[in-house]
Amino acid sequence: MPESVTVWIVEDNEGDAHDAWNVITRVSAVFESEATIYWSDNFAWDTTAALRSAINRSLPSNAHSDYPDLVVMDLCLNTAKGEELYADGFYKKLRDFETHKSDGKPAFVVFWSIHQGRRDTDQFVGRSVDSDARIITLGSKRPELLMQKLTNLWRRVLDEREERNG
Amino acid sequence: MLHLFRLEGTGKTHLDTWVSRLALPAVEFKEFGPPQASSAVWRGQPFIIAGNGSDLDSWFGSLDKYSSEILSNCAYFWVLTSSAKYHHSLLPVDRIAVLDWNAKEQHIVRAALSMLARFPRLAGLSNDMEHLREEILRLARGVKGPSSPVLILGETGSGKEEVAQSLVKESPRAASPGLGCIGGASLNLDPGLVLSQLVGIPPNVATQVKGQPGLLEQYSEGALFIDDFDTAPRLVQEQLLRITATPKGQKAEYRRVGGDKAPETNVWLLFATNADIETMLDTGHLRADFLYRFEDRVLLVPPLRDRPGDFPAIAYHVWSRLLNDSEGPPDDRVLPWRSVRDIWSRKLEWKGNVRELSGLLGLVVSMTRMPRHREHSTGSLIEQVLARGQSYTEWFTRAVKSGILSGAPAANLDGPIREILTLDSSPASKEGLSACELAIKQALGDHWPKLRRLAKQRAPGAVARIRRHFCRYLFHALRLGAVSIIDAEKLGNVKNAQARKHLEWLAHGSVFLVRPKMGPSNTKLLYRPGRYFARAKGFDRRTHE
């Protein structure tokens with residue numbers, strides 16, 4: 001039976017979310033594993049409803065979201081006031097949520113954003129990277145770069161799972 | 001920790017009953033199912049394989065040559081089955097390794113585990129290490145007691161100091177003052193200087209010279225570890241010979257330069273060397289009568305390549321220490337057992353023994369701390385490093401050159417040292433710093449965190465900058481062959497005023513570089529050409545924990 005890896009995409013731009021979804025399905029094919037993908041388009045923390053299956057339309061929109069193995073996360077939400085940092089709240093909720101995880105390690109979180117260079121995002125990214133070894137930052141939003149990072153992370157997820165199970 | 005691997009078809013009732021009688025209050029216990037049994041020998045923990053005869057045959061038959069190598073050298077595994085008569089060619093014949101799950105033989109496992117727990121510093125599950133543990137107990141608690149000298153032989157990095165520490169810990173001398181150390185470059189100084197360190201300086205021997213107790217006096221009721229004693233001048237050997245020649249139960253008398261009284265010492269001398277004794281005798285570096293004193297008190301620490309049974313346990317021990325000591329966000333990366341097998345199966349020479357393995361894993365841990373390597377699995381990082389050579393120097397220099405240890409681009413420079421210094425002098429990117437820090441950290445060992453703490457105390461906002469200067473300066477020291485002894489004239493060639501400034505305040509605090517204790521305490525002399533400076537208080541291994 002192929003291994004299943006759960007990936008969350010937290011991204012308000014549907015085009016970017018599609019790119020991420022494409023990359024994830026390609027990476028899962030490389031490893032001959034299954035990917036269960038959930039998507040949130042608004043950074044609202046609701047592990048049962050807001051992580052909608054809008055990309056993978058075959059899933060019901062209220063699909064229960066498992067603990068993720070990987071999270072591909074944008075940093076900002078496009079609001080009436082312009083782009084605002086929303087990733088911080090979501091990230092904190094995610095790590096709190098994972099404290100209840102009985103088995104395995106916290107998810108790898110990939111910050112996927114072109115908003116680096118802003119003071120608030122830079123500070124948040126800098127703080128998070130210094131305190132959490134399972135955060136990966138990307139310099140651009142190019143799908144090729146995401147593909148490269150996710151390929152490595154996918155291997156790590158499978159390796160860690162194998163090590164845990166012996 | 002004790003691992004229990006249950007093979008297919010093993011009656012769970014038998015096992016549960018047997019395990020419930022094991023009663024291991026201080027030992028963690030972990031049970032694995034049949035799919036994990038192939039990893040049993042590579043997890044670096046004592047283990048039990050439980051199964052019926054035919055399943056055990058299949059398990060032994062499934063082991064590749066490297067696993068068989070580890071197993072046949074391992075003194076801490078047992079087979080738990082329906083009959084104690086079970087046998088396989090890979091099972092040892094000189095100890096009870098087959099246990100009947102219907103019999104009450106749990107004490108055999110308990111005794112072995114308690115022996116292991118007694119020696120936390122001596123990682124390893126091999127037959128050689130087990131023998132060494134027994135020998136340490138014999139010497140530390142035997143009839144001759146801890147006053148007769150002991151000789152510890154072993155290649156560099158094989159763990160001679162850990163053996164000395166275990167000897168003292170098991171002896172009645174474990175309490176204060178414990179174990180003092182002198183060795184390496186400290187013994188390779190002017191004979192008078194070395195002798196002064198050992199025997200001390202009597203008070204009022206000369207104007208402006210303060211009296212100072214020597215190591216023989218400081219550790220009179222403890223032990224003194226004399227590492228690389230073959231490098232000691234003959235004069236020092238002769239002084240030590242007099243002390244070792246004293247009959248048991250009597251304190252040895254010795255004389256201090258310029259002193260009129262003969263002080264006494266009851267110190268327990270532990271000598272160590274990695275040199276070939278025969279060559280030392282032939283070349284006159286060692287007096288034969290010196291050697292006679294050791295009688296049956298010689299401990300041999302075999303090289304790592306000859307103790308396959310120790311390899312996984314040492315790898316995990318080192319890994320865990322490195323993760324605990326390293327900086328950066330907490331990361332509980334595990335060392336995959338497949339990687340441990342991969343490293344061993346390369347059949348490397350391990351000339352630097354445990355220290356070399358520690359260097360390899362240190363490179364990997366250092367990479368895991370770099371943001372750009374975070375996404376890589378530990379196994380793939382180990383592969384990246386191993387692919388670059390057969391020994392630590394190759395792994396390190398080629399890794400630096402290829403840029404995997406640094407954010408800086410690969411440089412076409414003359415030698416590895418220059419590359420590292422170039423990296424060090426480049427803008428203080430975290431990654432650029434790491435490559436140089438790594439070498440320094442490995443040279444300084446446990447002292448590195450002290451330096452870091454000091455830097456923080458001194459300038460909380462500029463820790464990275466100060467560390468960079470430390471690296472730059474200390475690397476020059478390394479290039480000269482030792483961190484503990486630095487030729488100030490050569491250091492003076494470093495045209496880096498800021499580095500000097502930071503070193504100066506360290507010197508003022510007597511933490512890093514100080515003059516030999518018998519000299520005047522004028523820190524300005526630190527940069528005077530031709531002066532030598534000894535290991536300082538903060539780096540002094542005599543401050544044994």
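Quick note on labels: first sequence line is chain A, next is B, and so on, each numbered from 1. Computed from a predicted model, the values in this text were never measured in an experiment.
No side-chain donor from either of A:Trp154 and A:Ser28 sits under 3.5 Å from a side-chain acceptor of the other.
Judged purely by atom type and a 3.5 angstrom limit, B:Ser380 has no side-chain atom pairing as donor or acceptor with the backbone of B:His376.
Looking at A:Asp132, only its backbone comes within 4.5 Å of chain B, counting heavy atoms on both sides. Neither the backbone nor the side chain of B:Leu381 comes within contact range of chain A; no heavy atoms are under 4.5 Å apart. Both the backbone and the side chain of A:Ile135 come within less than 4.5 Å of a heavy atom of chain B.
Per-residue heavy-atom pair counts under 4.5 Å with chain A were compared for B:Gly33, B:Pro336, B:Ala37, and the maximum is reached by B:Pro336.
Aromatic rings of A:Phe111 and A:Phe124 (six-membered ring for Trp) have centroids within the 6.0 Å cut-off, being under it. Checked against a 6.0 Å centroid threshold, the rings of B:Trp344 and B:Phe311 count as neighbours.
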